[in-house]
Protein chains: 2
Amino acid sequence: MEQRRADNIAEALEEHIFSGSFQDGDRLDEVRLAEQFGVSRTPLREAFQRLALSGLVELVPRRGAFVRQPGPIELMEMFEVMAELEAVCGRLAAMRISEEALDDLRDANAKCQKAVDARDTDGYYTENERFHKTIYRQSGNRFLEQEAAKLHKRLKPFRRQQLKFRGRMAQSMAEHEAIVDALATGKPEESANALRNHVAVQGEKFHNLMASLKSKAE
Amino acid sequence: MEQRRADNIAEALEEHIFSGSFQDGDRLDEVRLAEQFGVSRTPLREAFQRLALSGLVELVPRRGAFVRQPGPIELMEMFEVMAELEAVCGRLAAMRISEEALDDLRDANAKCQKAVDARDTDGYYTENERFHKTIYRQSGNRFLEQEAAKLHKRLKPFRRQQLKFRGRMAQSMAEHEAIVDALATGKPEESANALRNHVAVQGEKFHNLMASLKSKAE
DNA sequence: TTCGAATTTTTTGTATACAAGATTGTTGAC
DNA sequence: GTCAACAATCTTGTATACAAAAAATTCGAA
């Protein structure tokens with residue numbers, strides 16, 4: 001990990017936090033990280049400021065930067081907001097979506113199905129992402145699209161975990177079909193509800209996962 | 001404007017951008033600003049990183065920092081998202097709100113009314129903010145609360161402008177009453193719709209304002 | 001004059017230096 | 001042995017220095 005530019009450092013640190021290399025509460029040592037990245041403290045500190053605003057890191061004055069991993073409650077809250085944002089995207093998209101975008105959604109779904117058959121979790125995830133981002137875009141509201149994509153990215157590592165739940169991929173597929181139907185027939189409320197439930201169930205699955213981990217720990 | 005700490009610099013710059021001291025596209029001169037703030041370039045550049053992430057400033061590599069004022073379209077989009085976020089807060093709050101918080105809302109409304117009678121725009125705005133933030137809080141979702149507050153703050157300068165529309169304060173008051181009623185009787189969808197329309201109308205008023213400014217310019 | 005290449009001047013990005021606050025370790029009193 | 005006060009060490013926050021890129025300017029040719 002040598003000689004990276006300041007622009008990339010924030011991203012690299014973000015990766016590390018997402019991947020779980022850093023635990024919640026860990027202090028990010030400026031000099032140690034500067035050595036690892038092969039840069040001085042200056043660009044590192046600039047990266048910290050960015051991470052602080054997106055909530056991945058807490059900057060305590062005169063104390064340093066500490067990583068902030070969201071706890072179970074915060075994660076549930078984030079999934080709830082994600083569900084609502086997707087619902088809004090769906091409601092708006094139902095009125096504004098193009099035929100071309102509908103074809104994109106069907107294509108993504110077909111490739112998702114293939115991935116399910118091949119037990120290809122990574123492939124499924126890639127196409128699933130394309131599916132959702134297409135809907136964000138078709139809301140016709142660029143600001144909404146960006147906010148949705150931002151939260152989607154933030155939740156990525158946690159959604160990925162719960163995709164491994166037994167039968168979840170197949171169920172998710174069926175929900176995708178229903179979503180496309182609602183969008184294709186231009187039904188705003190139906191689209192919104194289908195998307196809200198689709199995402200909310202991820203939050204619930206995650207809740208179950210948490211509960212099972214907790215009971216194992218006891 | 002001398003001897004400020006790095007923590008405050010971002011906030012100070014934000015104020016300047018919000019207040020319109022900086023035009024869209026203006027370059028933020030590091031040395032000039034450093035002089036004005038009485039600090040070196042280092043803390044200033046750290047502030048830029050923060051502003052960049054919240055979208056107030058665009059950081060072009062090797063070129064500098066440029067202020068990004070949202071245009072009419074982006075503003076409409078932001079108002080649309082704000083309306084939806086408030087609607088969600090209302091829907092959740094209708095199920096979770098406490099008696100104490102309902103009293104807070106009624107109190108804020110009463111003070112709002114006084115401000116309307118006294119033609120006190122600033123006073124109205126202060127209580128109006130308390131009203132809305134109480135609802136965010138009562139959604140019971142801290143993450144949602146923070147996101148709503150963030151966007152609320154961002155839209156503050158633009159909402160303020162359109163509050164001066166003839167009769168808008170009185171109309172807004174009536175809407176507030178309806179919102180409290182819906183929340184007090186625990187009706188989620190009614191609360192959501194009342195809040196969505198309340199905020200959406202602000203977006204429309206803003207649209208009118210833009211249109212009138214444009215026609216004057218031509 | 002006008003255009004363009006070369007040179008000078010700015011300006012950014014990063015490293016280093018240094019002062020002030022925070023942390024840790026040590027010593028001594030009880 | 002415990003605790004507190006002091007000292008030494010480490011860390012952060014900021015200023016300054018310097019290299020490299022971008023912008024401005026100069027100068028010469030058509």
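Labels below follow one simple rule: chain letters A, B, ... track the order of the sequence lines, proteins then strands, and each chain is numbered from 1.
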Roughly how many Å is it from CD in B:Glu46 to P in C:dT14, rounded to a whole number? 13 Å
Go through residues 50-58 of chain A and report each residue with a non-hydrogen atom lying under 4.0 Å from DNA chain D, sorted by number. none
The helix from C:dT1-D:dA30 to C:dC30-D:dG1: angle between its terminal axes, five pairs each, to 10°? 10°
Compare side-chain N and O positions of B:Ser40 against OP1 and OP2 of D:dA15 and report whether any pair is under 4.0 Å apart. yes
In plain terms, say whether A:Arg68 and A:Glu74 are close enough for a salt bridge, that is, a side-chain N and a carboxylate O under 4.0 Å apart. yes
SB check B:Glu145 B:Lys133 (cutoff 4.0 Å): no
Would one find a side-chain N or O of A:Arg63 under 4.0 angstrom from OP1 or OP2 of C:dT23? yes
Tell me: CZ of B:Phe66 to C1' of D:dA23, nearest whole Å? 11 Å
Should B:Met169 and B:Arg119 count as side-chain neighbours, where that means a heavy-atom distance under 4.5 Å? no
Atom CD of A:Glu30 to atom P of C:dA22: distance rounded to whole Å? 15 Å
Pair A:Gln146-A:Tyr136, side-chain donor/acceptor within less than 3.5 Å: no
Once rounded to the nearest 0.5 Å, what's the spacing between atom CG of A:Leu59 and atom CZ of A:Phe66? 9.5 Å
With a 4.0 Å cutoff (strictly under), does any side-chain N or O of A:Arg45 reach OP1 or OP2 of D:dA15? no
What is the distance, rounded to the nearest whole Å, between atom CG of B:Leu59 and atom C1' of C:dT11? 14 Å
When rounded to whole Å, the CZ to C1' distance for the pair A:Phe48 and D:dG13 reads 13 Å
What is the distance, rounded to the nearest whole Å, between atom CZ of A:Arg27 and atom C1' of C:dT24? 13 Å
Would you please test B:Glu86 and B:His132 for side chain to side chain donor-acceptor pair (under 3.5 Å) and show each step? CA-CA 8 Å; B:Glu86 298 235 10; B:His132 283 277; 2.8 Å; yes
Would you mind reporting whether B:Asp104 and B:Phe131 have side-chain heavy atoms less than 4.5 Å apart? no
I'd like to know if A:Glu77 and B:Arg142 make a salt bridge, using a cut-off of under 4.0 Å between side-chain N and carboxylate O. no
Calculate the interatomic distance between B:Leu28 atom CG and C:dT11 atom C1'; express it in whole Å. 14 Å
Should B:Arg62 be listed as having a side-chain N or O under 4.0 Å from OP1 or OP2 of C:dT10? no
Walking DNA chain D from its 5' end, the first of A:Thr42 and A:Ala65 to be reached, judged by nearest nucleotide, is A:Ala65
Would B:Asp120 and B:Lys114 count as a salt bridge (charged side-chain N to carboxylate O under 4.0 Å, His left out) here? Give the steps. CA-CA 8 Å; B:Asp120 173 10; B:Lys114 273 191 193 166; over 6 Å; no
D:dT12 C1' sits how many Å from A:Leu33 CG, rounded? 14 Å
What about A:Arg41, does its side chain sit under 3.5 Å from the base of D:dG13 through a donor-acceptor pair? yes
